Amino acid sequence: MRNLPKREGFTLIELLIVIVIISILATIAISAFWRIKNRGFEASLQSDLRNLAIQQEQYFEFYQEYADSPDDLTLLEQSPGVTVLINYAAADGWAGVATHLSMPDRHCGMLIGDAPVGDGGPADTPGRVQCGDQ
């Protein structure tokens, strides 16, 4: 029997196994990245609603009622991609909702005072920002 020369390199099976392992690791890394990114978006929603609460209290001090539009709050700055809406505003309280362009099905809400629970999106406790899916 003749000795065949020894080949250097990888077999096709070895290469396929490596590609499958890399694909699995990439899938895990990408899903973790999206979870972290969405948590960042949600944090910006919560922050914008807390800023809205501060601006609303300053507005109330001056006018004895809450602003019914974010445009009335001249010092309110919204994060990029965030939309804040005030669904209810009166002398007895206000309710608002914030959404992000990158997460259209997720939103956060906040209630203050005697605002109706439904107007604050997922919020059901006055003074607390709460988030949920639509």
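Quick caveat, the model's predicted, so the values are computed rather than measured. Heads up: numbering here begins at 1 and tracks the sequence.
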Name each donor-acceptor pair under 3.5 Å that joins a side chain in residues 10-29 to protein atoms two or more places apart or in another chain, with its distance.
unit_1	atom_1	unit_2	atom_2	d
Thr11	OG1	Glu14	N	3.3
Thr11	OG1	Glu14	OE1	3.4
Glu14	OE1	Thr11	N	2.9
Ser23	OG	Ile19	O	2.9
Thr27	OG1	Ser23	O	2.9

Between [X] and [Y], which heavy-atom pair has the shortest distance, and what is it?
X      : Y      : answer
Val97  : Gly121 : CG2-N, 3.6 Å
Gly127 : Ile112 : CA-CD1, 3.7 Å
Ala115 : Tyr88  : CB-CD2, 3.6 Å
Gln78  : Thr83  : OE1-CA, 3.7 Å
Ala95  : Gly120 : CB-N, 3.8 Å
His100 : Pro80  : NE2-O, 3.4 Å

Does [X] share a hydrophobic cluster with [Y], counting links as ILVMFWY side-chain heavy atoms below 4.5 Å and allowing steps through other members?
X      : Y     : result
Val82  : Phe41 : yes
Leu111 : Phe60 : no
Met110 : Leu85 : no
Met103 : Val84 : yes
Leu49  : Leu73 : yes

Return the [atom1] to [atom2] distance between [X] and [Y], rounded to the nearest 0.5 Å.
X     : Y      : atom1 : atom2 : result
Gln46 : Cys131 : CD    : SG    : 4.0 Å
Trp94 : Asn87  : CH2   : CG    : 10.5 Å
Asn51 : Leu75  : CG    : CG    : 11.0 Å
Thr99 : Arg106 : OG1   : CZ    : 13.0 Å
Leu52 : Ser47  : CG    : OG    : 11.0 Å
Glu42 : Lys37  : CD    : NZ    : 15.5 Å

Open item on the list: Is it the case that over 12 heavy atoms from other parts of the model lie below 6.0 angstrom from the CD atom of Glu77?
Closed with: no

- [ ] Under the side chain to side chain donor-acceptor pair (under 3.5 Å) rule, collect the residues that match up with Asp105, sequence neighbours excluded.
- [x] none

Are any of the side-chain heavy atoms of [X] and [Y] separated by less than 4.5 Å?
X      : Y     : answer
Gln55  : Gln58 : yes
Tyr63  : Asp72 : no
His107 : Leu45 : no
Ile86  : Tyr66 : no

